[in-house]
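Let me begin by presenting the structure, written as structure tokens, before commenting on it.
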2 protein chains.
Amino acid sequence: MKLVNEMDRSEIVENIRDRVIESVSQNMYLYGVSPSIGRLYGTLFFNGEPMTLDDMKEELKMSKTSMSTSVRTLMELNMVERAWRKGIRKDLYEAQDDWYQIFTDFFSNQWRKVTAMNMKAVRQSLSELTRLMDDPELSESDRELIQTDMDKYQYILNYYKWLNEFFDFLNSDELYQVVKKKMDNEKK
Amino acid sequence: MKLVNEMDRSEIVENIRDRVIESVSQNMYLYGVSPSIGRLYGTLFFNGEPMTLDDMKEELKMSKTSMSTSVRTLMELNMVERAWRKGIRKDLYEAQDDWYQIFTDFFSNQWRKVTAMNMKAVRQSLSELTRLMDDPELSESDRELIQTDMDKYQYILNYYKWLNEFFDFLNSDELYQVVKKKMDNEKK
DNA sequence: TTGTTTGTACAGTTCAAACTGTACAAACCG
DNA sequence: CGGTTTGTACAGTTTGAACTGTACAAACAA
């Protein structure tokens, strides 16, 4: 009788946990990952202890291959880290559990990568148009048309510069301060 | 001869533009939209003038249905707005061309929606566990187990609160100031 | 050395998202 | 009123992403 109660209880706790994991994973698409990968992260986060690929495969009832690739993705996003425990030969992984860190890292790593590539393309285009503009035989109307595009490219470049400054700010201590101050003010 | 040059020239400008559109669209997955939708946004952005669904369909060589649903998605993200021109019966759409606004809106709208839902799930779980803890017959080990989960839920809640403060900050003028100041400092 | 364990590359399959064409409702025109 | 234009709902198709199982390479064991 007591035993059944025990089982019920841990099952309840388990279900509650699963609901939260599901909720978190459903919304990790904001980080560009699929729900399955989100579920894996959630599992690792709540498990606390590091897990092996076989643990994960067992827990999520999925293939080992999936676990391998998923955990790789999570590592690239700095959401999961390798762990070591003496006497265990298998690879161990544990969740990075500092969500503030995950959030700011995401921008630094993913968004910066993207803006860098975009800037490159825009700079290239801008310099090509500049060269076109050198042609003295260009009609006034052509010149205007090209200038319109060039203005847009310049606007984009300025935006990306601003964005990178913003990401620097995100990584700085300043961010925590500013937001913290806001929270404290509101408590008053 | 002159005519051919003219054609070459505008073709070159067009190609340069397409390269930038492609680059921008490829990376709009950070906003959770597919490359096609990104390409549509880029087309609208560089076209300057508002476009009808048929214009878009023509420009991108895609079905009108796709244009209709894509433009809808872009409107929900505040990246495209309806436009009116007298004498034109068809619906007109133009790109929201303030990228700073798009960026901050994205967080306010998308991320906030998600965090709100997550918070709800976590709060629910937290209150259910609290009720479980009321049981006086609970063993010490069970109690510890549940407490571990509750601590994690509390951590998540704190994080989301912080995140919402951060989004408030994003929407405030303060953001622009802080980053602007950084940029000015660096120029010195 | 051979035998075992562990992680991953790769080919094939499954499934969901993107896209199309048709068909229709709503708005407008005469 | 019927005829036309325009946007979208819906069903069907295509395409790509997610996932699996097998097969193998690398690391270790004896």
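All chains are named by letter (A, B, ...) in the order of the sequence lines, taking the proteins before the strands, and each is independently numbered beginning at 1.
Through chains of ILVMFWY side-chain contacts below 4.5 Å, A:Leu92 is grouped with A:Ile88.
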N/O donor to acceptor pairs below 3.5 angstrom from side-chain atoms of residues 28-42 of chain B, sequence neighbours left out:
unit_1: B:Arg39; atom_1: NE; unit_2: B:Glu22; atom_2: OE1; d: 3.1
unit_1: B:Tyr41; atom_1: OH; unit_2: B:Gln96; atom_2: O; d: 2.7
unit_1: B:Tyr41; atom_1: OH; unit_2: B:Trp99; atom_2: NE1; d: 3.0

List the atom pairs, donor and acceptor, that lie under 3.5 Å between side-chain atoms in residues 67-77 of chain B and the rest of the protein, sequence neighbours left out.
unit_1: B:Thr69; atom_1: OG1; unit_2: B:Thr65; atom_2: O; d: 3.3
unit_1: B:Thr69; atom_1: OG1; unit_2: B:Ser66; atom_2: O; d: 3.0
unit_1: B:Ser70; atom_1: OG; unit_2: B:Ser66; atom_2: O; d: 2.8
unit_1: B:Thr73; atom_1: OG1; unit_2: B:Thr69; atom_2: O; d: 3.0

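Counting only N and O atoms by type, the side chains of A:Asp151 and A:Thr148 include no donor and acceptor under 3.5 Å apart.
Near DNA chain C, defined here as any heavy-atom distance below 4.0 Å, the residues from residues 62-74 of chain A are A:Lys64, A:Thr65, A:Ser68, A:Arg72, listed numerically.
Here D:dA27 presents its C1' atom at 11 Å from CG of A:Asp91, a figure rounded to the nearest Å. Note: NZ (A:Lys57) to C1' (D:dA18) measures 17 Å, nearest angstrom. Spacing between atom CG of A:Leu60 and atom P of D:dC19 amounts to 10 Å, rounded to whole angstrom units. Whole-Å rounding puts the B:Asp54 CG to D:dT4 C1' distance at 14 Å.
A search for side chain to side chain contact (heavy atoms under 4.5 Å, CB included) contacts involving A:Arg19 returns A:Ile16, B:Gln124, B:Ser125, B:Glu128, not counting sequence neighbours.
Note on B:Arg112 versus B:Asp168: salt bridge recorded, some NZ/NE/NH1/NH2 to OD/OE distance being below 4.0 Å.
Outside the 6.0 Å centre-distance limit, the rings of B:Trp111 and B:Phe166 are not counted as a close aromatic pair.
Where DNA chain C meets chain A (any atom under 4.0 Å from a heavy atom), the bounding nucleotides read 5' to 3' are C:dT5 to C:dC10.
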For B:Tyr159 and B:Tyr155, run ring-ring contact (aromatic ring centres under 6.0 Å, His included): C-alpha distance rounded to whole Å, both residues' side-chain angles, the deciding distance at 0.1 Å, then the answer.
CA-CA 6 Å; B:Tyr159 165 73; B:Tyr155 173 80; 7.1 Å; no

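Comparing A:Leu53 and B:Pro35, the nucleotide of DNA chain C nearest to each residue sits closer to the 5' end for A:Leu53.
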